[in-house]
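In what follows, a single structure is set out as structure tokens and then discussed.
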Protein chains: 2
Amino acid sequence: MAVNNPISGLNKIFDNRIRLGVMSILTVNEEVSFNDLKQMLEVTDGNLATHLQTLEESKLIKVHKGFIGRKTNTTYAITKTGSKSFNEHIEALEKMIKGFK
Amino acid sequence: MAVNNPISGLNKIFDNRIRLGVMSILTVNEEVSFNDLKQMLEVTDGNLATHLQTLEESKLIKVHKGFIGRKTNTTYAITKTGSKSFNEHIEALEKMIKGFK
DNA sequence: ACTACAACTTTGAATTACAAAGTGCTTTTT
DNA sequence: AAAAAGCACTTTGTAATTCAAAGTTGTAGT
């Protein structure tokens, strides 16, 4: 591995802007509903659902299917692994940015 | 546009890690040869060439075909537009990051 | 009963990314 | 001088990714 490679620490799963957005939202907010994510990120529900699935399969986020009264309410939260992976990615980004600041 | 959308300021051209890497390298180093970029980023030459072409077509970088003695030497540099676009992207990223710091 | 919303899954198409091989020119090696 | 190798590509083909649209199931409201 080249020593100077500025992108070697980046996590491929976060190359996608929607997945990046989800992670950044879930880092600030403990639990966020599907619908809120959809509105914040301005994506179609199908598109969002597949990205959430990808993140869940990689154990970066977890799903909680709950209720508000009798109505189903699905919320998403970041996992420990997710926090760790995302922080590493951000650190790699910051390192890259600092390289030229 | 949603007010809270953390990814709306990101530039799609920089979603790709190789193009991101090129820009970050060219922000620190005024002129970098094709071969140096290739080694730093650890990519195949064909792959690098297409990404450089994309960046050039968008006027984010410029190519200089020169010589070292009699040997051809191609170098790449960032353009004014490129600097501006890249800085905006980085600022959007930082804003996103600061959102949860 | 009908409409609407929520949270999906499935399908299909378009775009993107990438490796591998080929090209033309030059330089170095034998 | 011939062969091998390097540089900076281009072309080709495939694999992966991304995304919108439509379909699905279940609940809620009117």
Side-chain angles (χ1 to χ4, degrees), chain A residues 1-2 5-8 10-23 25-26 29 31-58 60-77 89, chain B residues 1-2 5-8 10-23 25-26 29 31-58 60-77 89:
Chain A
M1 160 171 65
N5 190 336
I7 59 174
S8 59
L10 300 178
N11 190 331
K12 268 185 187 152
I13 210 168
F14 304 134
D15 279 358
N16 178 277
R17 51 173 53 221
I18 297 175
R19 291 194 293 268
L20 191 72
V22 167
M23 294 304 282
I25 290 170
L26 293 186
N29 308 100
E31 296 215 30
V32 184
S33 73
F34 183 87
N35 228 8
D36 284 350
L37 284 174
K38 186 183 152 185
Q39 276 169 255
M40 285 180 190
L41 296 169
E42 295 167 278
V43 283
T44 56
D45 55 353
N47 192 8
L48 177 58
T50 57
H51 286 301
L52 289 172
Q53 211 179 319
T54 303
L55 290 171
E56 204 206 337
E57 279 162 10
S58 307
L60 300 172
I61 64 171
K62 62 193 170 214
V63 186
H64 180 242
K65 281 162 200 282
F67 292 88
I68 294 185
R70 289 277 226 76
K71 203 176 166 189
T72 56
N73 181 262
T74 310
T75 59
Y76 296 86
H89 180 79
Chain B
M1 158 171 66
N5 190 335
I7 59 174
S8 59
L10 301 179
N11 190 330
K12 268 185 188 154
I13 210 168
F14 304 134
D15 279 358
N16 178 276
R17 51 172 53 220
I18 297 175
R19 291 195 294 267
L20 191 71
V22 167
M23 294 304 282
I25 290 171
L26 294 185
N29 308 99
E31 297 216 30
V32 184
S33 72
F34 183 87
N35 229 7
D36 283 351
L37 284 174
K38 187 183 151 186
Q39 277 169 256
M40 284 180 191
L41 296 169
E42 295 167 280
V43 283
T44 55
D45 55 352
N47 192 7
L48 177 59
T50 57
H51 286 301
L52 289 173
Q53 210 179 318
T54 303
L55 289 171
E56 204 205 338
E57 278 163 11
S58 306
L60 300 173
I61 65 171
K62 62 193 170 216
V63 186
H64 179 242
K65 280 160 200 285
F67 292 89
I68 293 185
R70 291 276 225 76
K71 204 178 164 187
T72 57
N73 180 262
T74 311
T75 59
Y76 297 86
H89 180 79

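Labels below follow one simple rule: chain letters A, B, ... track the order of the sequence lines, proteins then strands, and each chain is numbered from 1.
dC19(D) atom P lies 11 Å from atom CG of Leu41(A), rounded to whole Å. In this structure, Lys38(B) places its NZ atom 9 Å from P of dA8(D), rounding to the nearest Å. The separation between Asp15(B) atom CG and dT18(D) atom P is 9 Å, rounded to whole Å. With rounding to whole Å, Asn73(A) atom CG is found 15 Å from dG26(D) atom C1'. Straight-line distance from the CD atom of Gln53(A) to the P atom of dT18(D): 14 Å, rounded to whole Å. Atom-to-atom, CD of Glu56(B) to C1' of dA8(D) comes out at 13 Å; the value is rounded to the nearest Å. Atom CG of Leu55(A) is separated from atom P of dT17(D) by 14 Å (rounded to the nearest Å). As rounded to whole Å, 14 Å separates atom C1' of dC9(D) from atom CG of Leu37(B).
Not one side-chain nitrogen or oxygen of His51(A) sits closer than 4.0 Å to the OP1 or OP2 atom of dT17(D). Look at Asn16(A) and you won't find any side-chain N or O under 4.0 angstrom from OP1 or OP2 of dT17(D). Phosphate proximity of dC7(D) to Lys65(B): absent, as no side-chain N or O sits under 4.0 Å from OP1 or OP2.
Under the 4.5 Å side-chain criterion, counting only non-hydrogen atoms from C-beta, Asn73(B) is not in contact with Asn35(B). Using a 4.5 Å cut-off on side-chain heavy atoms (C-beta onward), Asp15(A) and Ile13(A) make no contact.
Residue Asn11(B) holds its CG atom at 8.5 Å from CE of Met23(B), rounded to the nearest 0.5 Å. Put simply, OG1 on Thr72(B) and CZ on Phe67(B) are 6.5 Å apart, with the number rounded to the nearest 0.5 Å.
Scanning both residues, His51(A) and Arg19(A), for their nearest heavy atoms gives ND1-NH1, 3.1 Å. Nearest heavy-atom pair across Leu26(B) and Tyr76(B) is CD2-O, 3.4 Å. The minimum heavy-atom distance between Met40(A) and Ile25(A), with the atom names listed, is SD-CD1, 3.6 Å.
Annotation: side chain to side chain contact (heavy atoms under 4.5 Å, CB included) contacts of Lys71(A) (sequence neighbours excluded): none.
Between Asp36(A) and Thr50(A), it is Asp36(A) whose nearest contact on DNA chain C lies nearer the 5' terminus. Taking for each of Thr74(B) and Gly46(A) the nucleotide of DNA chain D with the nearest heavy atom, the 5'-most of the two is the partner of Thr74(B).
Checking each of Leu20(B), Val22(B), Leu41(B) against Pro6(A) for a side chain to side chain contact (heavy atoms under 4.5 Å, CB included) leaves exactly one that passes, namely Leu41(B). Across Ile18(A), Ile61(A), Val63(A), Asn16(A), a single residue satisfies side chain to side chain contact (heavy atoms under 4.5 Å, CB included) together with Leu55(A), and that is Ile61(A).
Across all strands shown, Arg17(B) has no heavy atoms under 4.0 Å from either base or sugar-phosphate atoms. Heavy atoms of Tyr76(A) sit under 4.0 angstrom from primed sugar atoms or phosphate atoms, though from no base atom. Leu48(B) comes within 4.0 angstrom of no nucleic acid atom, judged by non-hydrogen atoms across all strands.
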Shorter than 3.5 Å, N or O on both sides, protein versus nucleotides 28-30 of chain D: list them out with atom names.
| from | atom 1 | to | atom 2 | distance (Å) |
| --- | --- | --- | --- | --- |
| dA28(D) | OP1 | Arg70(A) | O | 2.9 |
| dA28(D) | OP1 | Lys71(A) | N | 3.2 |

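For Ala49(B), counting side-chain heavy atoms from C-beta on, the closest listed nucleotide (dT10(D), dC19(D), dC7(D)) is dT10(D).
Between the side chain of Asp45(B) and the base of dC9(D) there is at least one donor-acceptor pair of N/O atoms closer than 3.5 Å.
You can see that DNA chain C meets the heavy atoms of chain B within a 4.0 Å-exclusive cut from dA17(C) to dT27(C), reading 5' to 3'.
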